[in-house]
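Working notes for the structure below.
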Amino acid sequence: MKSKRKVVCLLLSTLLSAQLLAQTLPKGVTKVTSVEGITEYNLENGLKVLMFPDPSKPTITVNVTYLVGSRHEGYGETGMAHLLEHLVFKGSPKHPNIPQELTEHGARPNGTTWYDRTNYFETFSATEENLKWALDLESDRMVNSFIAKKDLDSEFSVVRNEFESGENSPFRVLMERVISTGYLWHNYGKSTIGNRSDIEKVPIENLQAFYKKYYQPDNAVVTVAGKIDEAKTLAMVNEYFGKIPKPARVLPKSHTVEPTQDGERFVELKRTGDVQLLMAMYHIMPGSHADYPAMEVLTELLTTEPNGRLYKNLVDTKKASSEFGFSFQLYDPGFVLFGAEVLKEKSLDEARQAFVATLDSTALLKPSAEDVERAKTTILKNWDLEFRNSERVGLSISESIATGDWRLAFLFRDNIRKVTPEDVFKVAQYYFKPSNRTLGTFTPDAKPVRAEIPEAPKVEDLVKNYKGEAVVAEGEAFDPSPMNIESRTTRVEKPNTIETAFLPKKTRGNVVAARITLRYGDEKSLMNKATISDLTGSMLDKGTKTKTRQQIKDEFDKMKARVSFFGANNQAGANIETTKENLPAVLKLVAEVLKTPAFDEGEFEKLKQEELAGIESQKSEPQAIAFNQYRRITSPYPKSDIRYVGTFDEDIENVKAAKIDDIRQFHKDFYGAGNASATVVGDFDKAAVEKIINAEFGTWKSAKPFTRIASPYQAVKAENKSLETPDKANAMFVAGMGMPLQDTDPDYPALMMGNYMLGGGFLNSRLATRIRQKDGLSYGVGSQFSASSLDKSGTFMSYAIYAPENAEKLEAAFKEEIDKVLKEGFTAEELKAAKSGYLQSRQVARSQDASLTNTLTNNLYLNRTMQWDADFEKKIEALTPDQIKAAFNKHIDYNKLVIIKAGDFEKAKKGAPSQGAPGKLGGSEKK
C-alpha cells in the first residue's frame, strides 16, 4: 500500500507542477505537447523550445538545431552550410571571442553539419550563471554573428584542410563516390564538406545571405536538457530568444525529386591504399516513412556480428576481414550503405560475388523470427540507453527534428517493436533490386526492374495526439565535487584480493556504470608477449565454454547492457553500462567471459584477419606513420619488452605468427584477480553487488604473479625527421619530449595549466588561435601534457594536421608560439579564464559515471582518495603566471623536441595540386 501511495503522490505532484507551469507561462509562450518528460513550447516569433528536466545530472546541455544543411545549398555553394558552421564560432557583438568563453565556462561544445540540419551545443556545469551565458550566446549568434570577410579568408583554408584530411582516406572517398553516383540531382549526392573550389571561392555575400535566410527563430529548435527549473528556464529562453523578431521572409521548400534509378551503377576508385574495399548503396524511403523501422532492422540483421548474413558469408569464409552497414534516416528519400574490407592478397572479385549474392538473397530468403527479434533487441537497447541520458537526448534528438519532428524518435522506437519478419522481407523485396543499387560499372538492361521511392508522409498526422510512454525514473541531484564523491564512496582494499570502490546514487532510468580491472605479469614473464596479450584481450568476448559469441551478445542485449572487454600489455577487464535490475546478471556473465573464454580457433583466425587489415590500412596514412615513428623514438625499449613499439611490418609478422595455443596458454598463466579492482557508480544494491563480485573473483588467482612494470624517464636524442607518404593530400606534424617529472612534483599543476592554455583549450588556446584561427594552417592542432603517478616520467606532446605545402609555415608558427610562452609566459587575465574553464571541465568529467569509475579505479591502484583531486584543484586555483612561466622554462626546451612530419612533401615541392575529390561524407565536428 505504501508504494501505491508513493506513486499516487508522485503523479499528483507532477500534475500539480505541470498545472502551475501552464498557469505561469511567459507572455507569448504556448505549450504544444509533452512526451516522456520532454515538453515542447512555441514562442511568438516561431521558435520551438524543448525542455527536458533531469535533476540527476549536475550539467545542462543547450542545443540549437537549425533546419538547414547541405540539402539547401545552391549551385556553386556546396559546403556553404558547413563553412557557415565554422564562421558562427568567430563571434558576435556581445560575444566577440566565443572559443575563449566556451573554455572559461568549462563547456563541452561542438557544432555539426549534416544533410538536413546544423546544430550547435554546449554541455556545462549546472549553474544559473552558466545557463544565462549559454542562452545569451546562442540567441546573439542566431542573428548577430559577424560572418565577416576577414574570418572567411582565414577559415576557408581550415575547412579546406579538413577536406584534405578526408582525402587521405580511401574509405571516405569511395563512400562519397558511391553516394554521388547513386544520386543524379538531389543534394544528398553531394557530401556535406563540399567541393574544393566552392569552399575556396564562395563569395562572402552568399554566405551572409544564406545565414540571414536560415538562421532565424522560425527555422530553429532550442533544446535545454539537464538540471534545470523548467519554469525559470523557459522564462530565460523567452527573455533571450523571444525578443528576436519573426522574419518577414518565407522559406522556400526544396522540390527536387531524385528520379527512380533505372539500372545498376558502378564505381571504380584507384589511389594509394593498403586494404581493398567494397560498397553498395540502395535508395530507400524517407526517415519518417512507415517502412523505415523495418529497413533499420534489415540493416542490423545483415551486418551484426557474428550472426549477420554479410558477416557469415564474407568474414566467416575469410573472403573479407570485416563488413558494415548503415541506413540513413533523412527528411527526403534517403539511402542505405553496405561495405566490406578485403585484404590485398585476397580476391576482390570473389568477395564481390559473395557480397552481391548476399544482398540479392535478402529479396529471396525471408528472415527468421529469431534473427528479426535479435536485431530489434539490439536497436531497442541502444535507443533505450541513449534516451535515458539527458545529455545524449539533447543532441541525438536533432536528427528527429531534421526528419520532421522530435517525436519521431519515440515513434521510431514504438514502430521497431512492431516490426515482423514479413515487414523486413517486404522492404528487402521492394528496395534491394539490382537496378536500385550503385556498386561498380554500368551494365545495360533491356528490361529494368525499378523501385519507386515513396514520398514523405505528413509528419503532423503521424505525431498528432502522440503521448508516448511513462517517464522513466528520475535520479537525484548529485554534487560531483571531490569531497562529496569521497564521502559517498565505500572502499574495501585487502591484500591479495580484488579491491572495490562503490558509489551508490540515484540515476535517471536506474542506470549504473562499472569497471572490472585485472592486472597481471611482470617485466620478465611478459617478455615477447605483447602481441599475444593484445590478441587474448580481443578474443575474450568471442565465446565461452558454455556460450557462443552470439549467445553472449544476445544476453547482453536483453539485459540492456553495453559491455566492452579490453586486454593488452599487463591489464585486462571490462567496462559496463546497464540498469540496476540487470547489473547482478551482467556481472556474472562478465565474470564468465573473463574466466572461461572458449578461444575458438575459427574465431581466432577471423580476428587475425581483422587485425591484419587494421594494421595494413595504416601503413600509408600520414597520421599513423607519424605517431608510430614518434612513439618508437620516445619509447626506446628492446624488442622483447612488453613496452616495445613495433613497426607496422613487425606487427603484421607477429600477428601472422600467433597461434591459438599461445592465447590459451597466456590466459591460463596470467589471467586472475590476484591484483584486481572493481568499481561501481550509479543505481545498484551495494550488498548484492559486493557479494557477487567476491563470489566470482575473490578466489580466482593467476599462475604468474603481478609486479608493476616501472616506466621511468629515458632521455632520447632530439630529432627532426620528414617521412614521405605519396599521394596523400594531408600531412601530420608531431612534436614532443619527455622529462623526469611525477604528478606529485611541485611543478606538475603549473605544467598542466600551462599546457591547457598553450594547446588544450577549445579553439582559443595559443596554438589554435595562431595556427588555426589566425594563420588558417590546420583544422586540428593542440598539445598534451601528462605525468606518471608512480614514476618520474612526464611527457609533453603537440600535433597538427596540415597541407604538405605549408610544412615550413606550420613548424615556424609552432616554434614562435613555444618561444613566446618561454619568453613572455601567460597573462593574469588569460590564467584567470583558463582556471575557470579547466576546473569546470573537471567537474563536468566527474559527473559522467563511466569516467568516474575510471577515476575510482585509478585511486584504488594508487592508494589515493578524492582528497588528492581536491588538493590538486586548490593548487590550480593558487597558481600565478610567474609559476607557470618558471615551470615551462625549467622543463620545456624546443631544442630537445622529437619532431616527426609525414606527408607528400615531394609533390608539394613540385607545386603539384592535391589529387582527389571531396572525401568527407556528411557532418563535420569542430574539435
Side-chain angles (χ1 to χ4, degrees), residues 99-100 103 154 158 161 626-627 629-631 633-634 713 715-722 731-741 745 747-787 793-802 806-831 833-834 838 879-903 927:
Q100 180 179 340
T103 302
S154 65
V158 172
N161 181 225
F627 275 109
Q629 185 67 24
Y630 173 79
R631 291 177 61 225
I633 294 172
T634 57
Y713 162 73
V716 297
K717 185 180 178 181
E719 288 193 45
N720 194 323
K721 181 182 294 187
S722 291
M732 189 71 199
F733 171 91
V734 183
M737 60 175 289
M739 62 195 74
L741 186 94
D745 290 351
D747 288 339
Y748 174 72
L751 290 168
M752 283 294 291
M753 201 68 251
N755 176 74
Y756 186 74
M757 292 184 285
L758 174 64
F762 180 76
L763 295 187
N764 76 310
S765 65
R766 288 281 185 92
L767 291 176
T769 299
R770 168 65 188 278
I771 294 174
R772 173 176 170 146
Q773 306 281 66
K774 181 183 175 183
D775 295 349
L777 297 174
S778 174
Y779 170 69
V781 59
S783 65
Q784 300 170 358
F785 171 75
S786 64
S793 180
T795 300
F796 167 76
M797 190 270 288
S798 185
Y799 60 89
I801 60 172
Y802 61 106
N806 291 328
E808 291 184 7
K809 292 180 182 178
L810 184 133
E811 193 167 348
F814 173 73
K815 185 177 187 303
E816 285 176 17
E817 291 304 314
I818 297 294
D819 290 342
K820 185 176 180 181
V821 168
L822 295 175
K823 183 179 179 181
E824 302 175 11
F826 301 93
T827 67
E829 294 76 13
E830 200 175 0
L831 178 56
Y838 179 67
L879 283 172
T880 66
D882 288 342
Q883 289 174 315
I884 295 174
K885 180 182 177 183
F888 259 64
N889 278 277
K890 179 179 178 181
H891 297 282
I892 306 296
D893 186 344
Y894 187 88
N895 295 319
K896 292 182 179 179
L897 291 177
V898 172
I899 299 175
I900 305 296
K901 295 156 289 187
K927 297 177 182 177

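Side chains included, hydrogens not; waters and symmetry mates left out as well; all remaining heavy atoms used. Quantities reported herein were computed from a predicted structural model and do not represent experimental measurements.
A distance-only check finds no donor-acceptor pair linking the side chain of Ser154 to the backbone of Lys774 [under 3.5 Å]. Between the side chain of Ser765 and the main chain of Met757, no donor-acceptor pair closer than 3.5 Å is present. Remark: side-chain polar atoms of Lys885 are paired, donor with acceptor, to backbone N or O of Lys823 under 3.5 angstrom.
Checked against Lys901 for a side chain to side chain contact (heavy atoms under 4.5 Å, CB included), the options Gln629, Glu811, Met732 give a single hit: Glu811.
More than 12 heavy-atom neighbours from other residues, nucleotides or ligands sit within 6.0 angstrom of CD on Glu824.
Qualifying salt bridge (charged side-chain N to carboxylate O under 4.0 Å, His left out) partners for Lys721, counting only residues two or more places apart in sequence or in other chains: Glu719. With sequence neighbours left out, the side-chain contact (heavy atoms from CB on, under 4.5 Å) criterion links Ser786 to Thr795. Considering only residues two or more places apart in sequence or on other chains, Ala800 meets the side-chain contact (heavy atoms from CB on, under 4.5 Å) condition with Phe733, Ser778, Val781, Leu810. Residues passing the side-chain contact (heavy atoms from CB on, under 4.5 Å) test with Asp775 are Arg770, Leu777, Ala813, sequence neighbours excluded. Listed by chain and number, the residues in a ring pair (Phe, Tyr, Trp, His ring centres under 6.0 Å) with Tyr756 are Tyr838 (sequence neighbours excluded).
From Ser783, atom OG reaches atom CG of Leu767 across 5.5 Å, with rounding to the nearest 0.5 Å. The CG atom of Leu758 sits 11.5 Å away from atom NZ of Lys820, with the distance rounded to the nearest 0.5 Å. Rounding to the nearest 0.5 Å gives a distance of 9.0 Å between CG of Leu897 and CG of Asn720.
Residue pairs that meet the side-chain hydrogen bond (donor to acceptor under 3.5 Å, both in side chains) test with at least one member in residues 891-900, sequence neighbours left out, are Asp747-His891.
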Show the numbers, then the answer: is there a side chain to side chain contact (heavy atoms under 4.5 Å, CB included) between Tyr779 and Arg772? CA-CA 6 Å; Tyr779 170 69; Arg772 173 176 170 146; 3.6 Å; yes
Residue pair Met753, Gln883: steps toward the side chain to side chain contact (heavy atoms under 4.5 Å, CB included) verdict: CA-CA 10 Å; Met753 201 68 251; Gln883 289 174 315; over 6 Å; no
Evaluate side chain to side chain contact (heavy atoms under 4.5 Å, CB included) for Met797 paired with Tyr630, printing each intermediate quantity in order. CA-CA 10 Å; Met797 190 270 288; Tyr630 173 79; 3.8 Å; yes
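Residues Ile892 and Phe785 have side chains not in contact (no heavy-atom distance under 4.5 Å, counting atoms from C-beta outward).
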